[in-house]
Amino acid sequence: MKDKYNNFNPKCGIEIAMVSESVSTKSDKNRHSQLKSLYHTIVVGSGCAGYNAADWLYGLGVADIAIVTEGINMGTSRNTGSDKQTYYKLTLAGDEPDSIYEMATTLFEGGCVHGDTAMVEAAASVKSFMKLVNLGLPFPTNPYGAHVGYKTDHDPRQRATSCGPLTSKLMTEALEKSVRAKGIPILDNCHVIKLLVEDNRIYGIQIYNDGLKILYAQNIILATGGPAGVYSDTVYPISQTGGTGLALSAGAKACNLQEWQYGLASTDFRWNVSGTYQQVLPRYISVDSQGNEYEFLPAEYHNRVFLKGYQWPFDTRKIPGSSQIDILVAAEINEKGRRVYMDFRRNPTGLKFEELSEEAYDYLAKSDALFGTPIDRLAKMNPKAIKLYKDNGIDLYNEPLRIAVCAQHCNGGIAVDANWESSIKSLYVVGEAAGTFGVYRPGGSALNSAQVGSMRAAEHISRSNILPPASKSTSENPPIIYSTTPTVNRAAGQEAMSKYAAYNRNIDEMRKLYQELSTGKELFFKENTIVSDSEIPYLYKSYDILITQIAVLSAMIFSAEHWGSHGGALVDGKSPRALCFDQVVTTADGKSFFEPVRPLPNCDDWFEKVWNQEEQI
């Protein structure tokens with residue numbers, strides 16, 4: 001498949017020599033003044049997971065580190081959210097009982113989750129959360145200082161909390177400030193195009209920054225976010241593409257790549273329309289090519305719309321309920337060719353507060369919102385949700401909000417152990433790039449996992465005694481040939497993925513697409529050339545996306561054949577089957593198979609034993 005700027009031929013051309021002493025951009029040479037050729041640890045990515053990993057490493061005594069990023073302001077952490085973006089942790093307020101083991105059980109019972117990583121995420125949730133509090137994150141407390149919570153999706157307690165629509169952005173900014181205060185180098189505009197591995201151990205990365213360079217390191221922490229470039233219908237920010245293909249190409253195993261979260265999102269400005277956006281009961285309308293407007297949800301769907309706030313992700317178990325809304329929205333778009341909007345200016349037809357379910361009525365009553373129009377209720381319950389769109393050019397008081405069913409989060413990723421180390425020695429993968437989330441993760445658990453996993457990786461690295469890698473030759477740098485005919489169509493694969501391999505999957509079309517993309521992979525570096533070496537990042541990013549799409553399709557096809565419909569996806573429109581707990585593991589060559597999950601550990605927490613043990617897991 002072709003794509004703009006993606007043309008490369010490795011057989012001949014101009015060799016690019018390695019530069020090991022300095023990297024600089026024409027716009028900001030000082031930014032890279034501290035760049036060396038050899039580090040103890042390199043963190044790839046500048047979201048809340050990457051910054052947290054670097055911050056913990058430094059605090060644990062590992063100071064010979066650097067953060068490498070293609071763009072400080074580009075990632076998902078800084079550019080996404082919802083009505084009140086959720087952070088999930090152990091209950092810290094009220095009289096409701098909770099425990100680390102109970103929280104671990106909740107994570108584990110979501111399906112396809114390893115018990116040891118679930119236990120770690122539960123055990124370290126308070127430690128990681130309180131670090132953010134101490135960095136100044138404004139998580140709400142009651143008059144006595146307890147961090148109050150609320151119930152989120154797939155949450156049996158009230159473990160969720162929030163700083164508002166921009167929780168992850170605030171986290172990223174606070175962690176970046178802490179990193180900069182420590183003087184940790186942040187190497188911006190550096191595109192990682194290859195992970196360097198020998199004998200199943202990482203020893204460095206190849207980057208592009210005004211040319212190809214190699215940076216050597218004992219450890220690499222990959223914090224590149226989810227594989228955002230897989231789909232066209234997506235709520236990931238345009239600037240986010242991910243780096244899952246880097247690890248796959250290096251030989252790392254992946255798990256659960258078939259497990260995604262899909263849900264309603266605005267498309268003119270990419271944002272999740274969950275929580276309060278649904279609980280204020282907006283009117284759903286579609287508009288045809290002639291401008292005719294249709295209110296397409298039945299009047300009896302008001303309670304389903306309300307539940308969509310709690311149950312935002314598409315769920316095959318909830319098709320008779322709230323997830324029917326996703327199906328009807330998609331039908332208006334895909335089958336009728338209409339544009340779909342949420343309209344906050346008028347109440348939906350037939351809305352009578354007294355006829356709502358007890359849950360919906362009580363929620364609105366306790367929020368003092370049994371009045372007015374949806375925008376009136378939203379202004380009462382969550383004015384920041386209105387301001388968010390206003391700041392991005394959409395006035396909910398005067399215009400409807402265009403929406404679609406979009407990919408929002410990959411619940412799979414690169415397989416890791418309880419220290420977030422991948423199947424490649426000394427390559428750690430944290431945040432959404434790691435495959436720790438399972439099928440039914442509680443809302444906000446991704447932010448907790450990003451903080452716990454990155455801390456855990458840093459702790460493990462700080463305890464490891466690894467000899468520094470020996471510098472390799474410059475043969476890592478590929479020869480380049482230039483052309484005057486740049487071509488590509490990255491969008492074609494993304495559109496096909498959204499059409500056949502999203503919330504409603506077609507197994508025959510997925511098989512065809514898998515073969516097509518696999519052929520494209522084999523021919524990719526033979527058929528494509530670049531106009532100048534400045535286009536190398538786009539070339540390799542497209543290859544990264546292609547590798548990831550093939551692996552995702554492999555896992556989806558395998559899952560569809562053995563499990564059918566379940567979790568966040570229908571297969572050929574069939575009814576869902578029971579939740580399975582085994583993971584689908586996918587290898588670098590695109591082969592998928594089942595692997596049993598590691599069980600929840602039975603911990604011996606006798607104090608004297610723990611006190612005297614020499615090592616953690």
Side-chain angles (χ1 to χ4, degrees), residues 43 45-55 67 69 71-89 121 125 128-140 147 149-150 152-153 159-179 223-228 234-242 261 263 265-266 269-277 312-313 382 384-385 387-388 391-392 406-411 413 430-434 436-437 441-455:
V43 179
S46 55
C48 57
Y51 280 130
N52 192 54
D55 199 53
I67 296 172
T69 178
I72 284 178
N73 297 316
M74 291 173 62
T76 299
S77 295
R78 208 182 289 263
N79 294 287
T80 62
S82 59
D83 70 311
K84 53 179 187 289
Q85 192 180 22
T86 298
Y87 192 103
Y88 192 73
K89 45 89 186 107
E121 289 185 9
S125 69
S128 295
F129 175 72
M130 293 311 299
K131 174 182 177 178
L132 295 171
V133 171
N134 292 335
L135 287 175
L137 269 290
F139 292 106
H147 289 276
Y150 57 91
T152 185
D153 46 299
R159 298 178 178 132
T161 186
S162 176
C163 296
L166 303 175
T167 302
S168 65
K169 182 176 187 291
L170 295 175
M171 290 167 58
T172 304
E173 291 171 345
L175 289 162
E176 180 185 350
K177 182 179 178 181
S178 182
V179 162
T224 51
T234 175
V235 75
Y236 288 100
I238 295 173
S239 59
Q240 167 72 14
T241 52
Q261 281 189 182
S266 56
F269 168 64
R270 294 184 177 186
W271 206 257
N272 295 328
V273 286
S274 57
T276 322
Y277 291 117
W312 176 84
N382 193 351
K384 290 181 180 179
K387 182 179 184 298
L388 172 79
D391 290 345
N392 288 278
C406 297
Q408 182 260 354
H409 191 278
C410 183
N411 282 352
V430 299
E432 193 185 338
T436 60
F437 304 103
R441 69 176 182 88
S445 61
L447 292 182
N448 175 61
S449 180
Q451 298 306 284
V452 171
S454 53
M455 178 193 73

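We number each residue from 1, following the sequence as shown.
Residues in residues 73-87 take part in these salt bridge (charged side-chain N to carboxylate O under 4.0 Å, His left out) pairs, two or more places apart or across chains: Arg78-Glu176.
Put simply, CG on Leu175 and CD on Gln451 are 5.5 Å apart, with the number rounded to the nearest 0.5 Å. For the atom pair Tyr87 OH and Leu170 CG, the distance stands at 13.5 Å (nearest 0.5 Å). Distance OH/Tyr277 to CG/Asn382: 6.5 Å, rounded to 0.5 Å. Atom CG of Asn448 sits about 9.5 Å away from atom CG of Leu132, to the nearest 0.5 Å. Here Gln408 contributes atom CD and Trp271 contributes atom CH2; the two are 11.0 Å apart, rounded to the nearest 0.5 Å. Rounded to the nearest 0.5 Å, atoms OG1 (Thr86) and CG (Leu447) are 8.5 Å apart.
Remark: the backbone N or O of Asn272 is not paired with any side-chain donor or acceptor of Ser82 at under 3.5 angstrom. Side chain of Lys89 to backbone of Ala160: no donor-acceptor contact under 3.5 angstrom is found. Here the side chain of Ser128 pairs no donor or acceptor atom with the backbone of Ser125 at under 3.5 angstrom. Listed for the Asn411 side chain is no donor-acceptor partner under 3.5 Å among the backbone atoms of Gln261.
Residues Ser168 and Thr76 come closest through the heavy atom pair OG-O, 4.3 Å. Pairing each heavy atom of Ile67 with each of Gly45, the nearest pair is CG2-O, 3.5 Å. Contact detail for Pro237 and Gly75: the closest heavy-atom pair is CG-O, 4.2 Å. Gln85 and Ser162 make their closest contact through O-OG, 2.8 Å (heavy atoms, listed as atom of the first residue, atom of the second, distance). The two residues Ser449 and Glu121 make their nearest non-hydrogen contact at OG-OE2, 2.8 Å. Summarising the geometry of Gly453 relative to Val430, their closest heavy-atom pair is O-CG1, 3.6 Å, with the distance given to 0.1 Å.
When side chains are defined from C-beta on, Cys410 counts as touching Tyr236, because their heavy atoms get closer than 4.5 Å. Taking the side chain as every heavy atom from C-beta outward, Tyr88 and Arg441 never approach each other to under 4.5 Å. Looking only at side-chain heavy atoms (C-beta outward), Met171 and Asn52 stay at 4.5 Å or farther from each other.
If you check the side chains of Tyr51 and Ser178, you find no donor sitting under 3.5 Å from an acceptor.
Taking 4.0 Å as the cut-off between side-chain N and carboxylate O, Lys169 and Glu173 count as a salt-bridged pair.
Taking the ring pair (Phe, Tyr, Trp, His ring centres under 6.0 Å) definition, one finds that Phe437 meets it with His409, sequence neighbours left out.
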Point to revise | Chi angles and distances behind the side-chain contact (heavy atoms from CB on, under 4.5 Å) call for Leu166, Leu388 | key: CA-CA 9 Å; Leu166 303 175; Leu388 172 79; 4.0 Å; yes
Point to revise | Audit row: Gln240, Thr80, side-chain contact (heavy atoms from CB on, under 4.5 Å) steps and yes/no | key: CA-CA 10 Å; Gln240 167 72 14; Thr80 62; over 6 Å; no
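The aromatic rings of His147 and Phe139 lie perpendicular to each other, with more than 60° between the two planes, well past the 30° mark.
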